[in-house]
J.: 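Here you go, one structure.
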Amino acid sequence: MQKATARAHPNIAFIKYWGNCDDDLRLPSNPSLSMNLAGAHTETTVEWIDGLTADDLEINGQPATEDASQRVSAHLDRIRKRLGIDVHAHVASENNFPMGAGIASSAAAFAALTVAAVAAAGETLTERELTTIARMGSGSASRSVPTGFVEWFAADTHEESYAQSFAGPDHWNLCDVIAVISREHKKTVSQAGHRTAMTSDLQPARVAGAQARFDICRQALVERDFATLATVVEEDSNLMHAVMMTSRPPLFYWLPGSLTVMQLVPEWRQQGLNVCYTLDAGPNVHCICTADAADEVRSRLQALSEVVDVRMTTPGGPAEVTR
Ligand code: PMV
C-alpha cells in the first residue's frame with residue numbers, strides 16, 4: 001500500500017504535560033493523563049510517491065505554511081528512518097473542528113499523521129510503538145493514539161515513554177464543555193513553552209508532585225469518583241499555569257474571561273453540579289462534567305458575556321486507519 005488515511009481525536013489532559021527532560025526526543029518531565037474528545041477529529045491522508053523530490057502538505061485544502069510543512073517533514077523523516085524507506089510523501093490533512101474552537105490541533109494531527117504514514121508504507125507497528133513515534137511530533141499526540149482514557153509514562157528512554165489506554169470511552173460518560181473565551185491563535189506555541197518550563201522556580205515542585213496527582217486522578221477515573229477528580233484536575237491545571245506565569249519570559253495564557261469561569265465553576269460544584277475546570281496552553285476553559293450536568297453547565301456558560309462560544313464533546317476512541 002502506498003496511500004492510507006487515518007483519523008485521530010484531540011485530547012484534554014487531566015494531569016498536564018509541561019516541560020521535557022529531553023527536548024529532541026520529547027521525553028516529558030512528568031507522566032500525564034487525558035481523555036480523547038469524540039466529535040472533533042483530524043483526518044490525514046499520506047501518499048508515498050516514488051520520484052517526489054520533497055514532501056508536500058496541505059491543510060483543509062490549502063498549501064500549509066512553511067513552519068507547519070517543516071514540522072511535518074521532520075516527523076516523516078523519523079518515520080522514514082524507522083521503516084527504512086527513502087520516499088517523499090504528499091500529505092493532506094483536514095480538521096472537522098475550526099481553529100479557535102478551544103481545542104489544540106497538534107495532538108490529533110501528529111497521531112493521525114503517524115498512523116497514516118505507517119499504514120501507507122504497508123507496515124504494521126504495535127500501538128505502543130506508534131505512541132512513541134507520535135510523541136516525537138507533539139508530546140500530547142502520544143495520548144491521541146490509544147482509545148478513551150489514556151496515560152503517558154515519563155521515562156528516560158524513547159521506548160519506555162509510551163502511552164496506553166486504561167479505560168475505554170464507555171467507561172464513564174464525562175463531557176468536556178468548552179467555554180471559548182477567544183478564537184485567536186495562541187501566541188506562544190507549546191513547543192517553545194516546554195523549553196522554558198525549567199526556568200520557573202516552581203517547575204521542580206510541580207514535577208515532584210506529578211506522580212502523586214497522576215495516581216489520585218487515575219484512581220478517581222477508574223472509580224468514577226467525581227469529587228476527587230475535580231480537586232486534583234483543577235490543582236494540576238493551576239500548577240501548570242503557575243509554572244507558565246513564572247517562567248522566563250513569563251507566559252500568560254489566561255484572559256479575564258478565563259478567570260471568571262474558573263471562579264464560577266467551583267461555586268457551581270458547591271451547589272451540586274458535577275463540574276471542574278482545566279486549561280491547556282490557551283485561554284479557553286474546558287469544563288469537565290458528568291453527562292447529567294452537561295446541559296446545565298452549557299447554559300450557564302452561554303449566559304456569560306465573556307464566553308464567545310460553547311462546544312460539547314464526550315470521550316473519544318483511538319486513532320484509526322479509515323481508508
Ligand atoms: O503536545 P504539546 O507540545 O502541544 O503540549 C501540550 C501541552 C498541554 O496541552 C498544555 C498539556 C497537555 O498535557 O496536553
Side-chain angles (χ1 to χ4, degrees), residues 10-35 104 106-107 135-136 138-144 149-157 160-164 166 176 186-221 225 227-255 258-259 261-263 265-266 276-288:
N11 65 73
I12 179 67
F14 293 161
I15 298 296
K16 307 293 188 187
Y17 149 57
W18 196 248
N20 295 316
C21 302
D22 181 322
D23 282 319
D24 294 333
L25 287 177
R26 285 201 172 79
L27 297 177
S29 305
N30 66 274
S32 58
L33 196 156
S34 58
M35 177 177 97
S106 69
R135 186 200 76 229
M136 292 192 285
S138 171
S140 58
S142 64
R143 298 188 312 238
S144 277
F149 298 86
V150 178
E151 56 193 340
W152 167 27
F153 302 110
D156 297 338
T157 63
E160 293 298 314
S161 184
Y162 64 97
Q164 68 181 18
F166 64 94
D176 179 5
K186 62 186 166 196
K187 291 185 187 70
T188 306
V189 296
S190 36
Q191 230 179 332
H194 292 296
R195 292 215 172 82
T196 58
M198 267 318 279
T199 64
S200 164
D201 287 348
L202 304 184
Q203 172 73 345
R206 189 193 72 87
V207 170
Q211 183 68 51
R213 289 190 302 280
F214 175 98
D215 293 342
I216 291 167
C217 185
R218 189 183 189 285
Q219 194 177 345
L221 284 164
D225 170 357
T228 305
L229 181 76
T231 310
V232 74
V233 164
E234 290 183 354
E235 183 181 322
D236 192 81
S237 173
N238 293 342
L239 279 163
M240 178 181 74
H241 285 271
V243 167
M244 291 162 160
M245 290 177 204
T246 51
S247 293
R248 301 185 197 112
L251 295 170
F252 293 96
Y253 288 107
W254 297 349
L255 289 174
S258 320
L259 205 53
V261 177
M262 292 166 66
Q263 284 176 325
V265 163
C276 65
Y277 65 77
T278 185
L279 292 87
D280 280 341
N284 304 313
V285 188
H286 292 252
C287 297
I288 309 300

J.: Just verifying a value: how many Å separate Leu27 CG and Met136 CE, rounded to the nearest 0.5 Å?
T.: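 Going from CG on Leu27 over to CE on Met136, the span is 9.0 Å.
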J.: Any ring-ring contact (aromatic ring centres under 6.0 Å, His included) pairs touching residues 194-214, not counting sequence neighbours?
T.: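 Non-adjacent pairs meeting ring-ring contact (aromatic ring centres under 6.0 Å, His included): Tyr17-His194, Trp18-His194.
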J.: Could you tell me whether the side chain of Ser144 and the main chain of Ala141 form a donor-acceptor pair under 3.5 Å?
T.: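 No: the side chain of Ser144 does not pair with the backbone of Ala141.
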J.: Identify the two heavy atoms, one from Ser161 and one from Pro28, that lie closest to each other, and give their separation to 0.1 Å.
T.: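 Nearest heavy atoms, Ser161 then Pro28: OG-CD, 3.3 Å.
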J.: Does Cys217 reach the side chain of Leu229, with side-chain heavy atoms less than 4.5 Å apart?
T.: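 A side-chain contact exists here, since the closest heavy-atom pair is under 4.5 Å.
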J.: State whether a side-chain donor-acceptor pair under 3.5 Å links Asp215 with Gln211.
T.: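 Looking only at side-chain atoms, Gln211 and Asp215 do form a donor-acceptor pair, the distance falling under 3.5 Å.
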J.: Show, in sequence, the C-alpha distance, side-chain angles and deciding distance for Met262 and Asn238, and conclude whether the side-chain contact (heavy atoms from CB on, under 4.5 Å) test is met.
T.: CA-CA 10 Å; Met262 292 166 66; Asn238 293 342; 3.7 Å; yes
J.: Counting C-beta onward and ignoring hydrogens, is there a side-chain heavy-atom pair between Ile216 and Thr231 closer than 4.5 Å?
T.: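 The answer is no; the side chains never approach within 4.5 Å.
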J.: Any idea which heavy atoms bring Ala107 and Ser140 closest together, and the distance?
T.: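 So the two residues come closest at CB-OG, 3.5 Å.
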J.: Closest approach of Arg143 and Ala13, non-hydrogen atoms and distance?
T.: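 Where Arg143 meets Ala13 most closely, the heavy atoms are NH2-CB, 3.5 Å.
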J.: So, taking the atom named CD in Glu235 and the one named CE in Met240, what distance separates them when rounded to the nearest 0.5 Å?
T.: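 If I round to the nearest 0.5 Å, the distance is 13.5 Å.
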J.: CD/Gln191 to OG/Ser106 distance, rounded to the nearest 0.5 angstrom?
T.: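 If I round to the nearest 0.5 Å, the distance is 8.5 Å.
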J.: Given 3.5 Å as the limit, does a donor-acceptor pair link the side chain of Arg135 with the main chain of Leu25, or not?
T.: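 Yes, because the side chain of Arg135 sits within donor-acceptor range (under 3.5 Å) of the backbone of Leu25.
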J.: I want to check something: taking the side chain as every heavy atom from C-beta on, are Val265 and Glu234 in contact at a cut-off of under 4.5 Å?
T.: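 Val265 reaches Glu234 side chain to side chain.
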J.: Hey, is the main chain of Val243 close enough, under 3.5 Å, to the side chain of Ser247 for a donor-acceptor pair?
T.: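 Yes: the side chain of Ser247 pairs with the backbone of Val243.
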J.: Without swapping roles, check the side chain of His286 against the backbone of Ile12 for a donor-acceptor pair under 3.5 Å.
T.: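 No, His286 side chain to Ile12 backbone: no donor-acceptor pair under 3.5 Å.
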J.: Between Asp22 and Asp24, is there a donor-acceptor pair closer than 3.5 Å when you use the side chain of the first and the backbone of the second?
T.: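 Indeed, once roles are kept as given, a pair shorter than 3.5 Å links the two residues.
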J.: Please examine the side chains of Arg218 and Phe14, heavy atoms only from C-beta on, and report whether any two atoms are closer than 4.5 Å.
T.: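 Not in contact.
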J.: Holding to side chain to side chain contact (heavy atoms under 4.5 Å, CB included), I want the full list of residues that pass it with Asp236, two or more places apart in sequence or in another chain.
T.: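 Asp236 satisfies side chain to side chain contact (heavy atoms under 4.5 Å, CB included) with Ile15, Lys16, Arg213 only.
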J.: What's the separation between atom CD in Gln203 and atom OG in Ser29, rounded to the nearest 0.5 Å?
T.: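 The OG atom of Ser29 is 5.5 Å from CD of Gln203, to the nearest 0.5 Å.
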J.: I'd like to know if the side chain of Ser142 reaches the main chain of Gly139, judged simply by a donor and an acceptor atom lying under 3.5 Å from each other, with no hydrogens or angles considered.
T.: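 Confirmed, Ser142 side chain pairs with Gly139 backbone.
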J.: If we only count heavy atoms from C-beta on, is the Thr278 to Ile288 side-chain gap below 4.5 Å?
T.: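 The answer is yes, as the side chains (C-beta and beyond) meet within the 4.5 Å cut-off.
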J.: Is the backbone of Ala220 close enough, under 3.5 Å, to the side chain of Thr228 for a donor and an acceptor to pair up by distance?
T.: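 No; zero donor-acceptor contacts below 3.5 Å.
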J.: Which is it for Val285 and Leu279 under the side-chain contact (heavy atoms from CB on, under 4.5 Å) test, yes or no, and what are the steps along the way?
T.: CA-CA 5 Å; Val285 188; Leu279 292 87; 4.0 Å; yes
J.: How long is the gap from CZ on Phe166 to CD on Gln219, to the nearest 0.5 Å?
T.: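 Atom-to-atom, Phe166:CZ and Gln219:CD are 11.0 Å apart.
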J.: Kindly compute the distance separating CZ (Phe149) from CG (Asn11), expressed to the nearest 0.5 Å.
T.: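 Between atom CZ of Phe149 and atom CG of Asn11 there are 11.5 Å.
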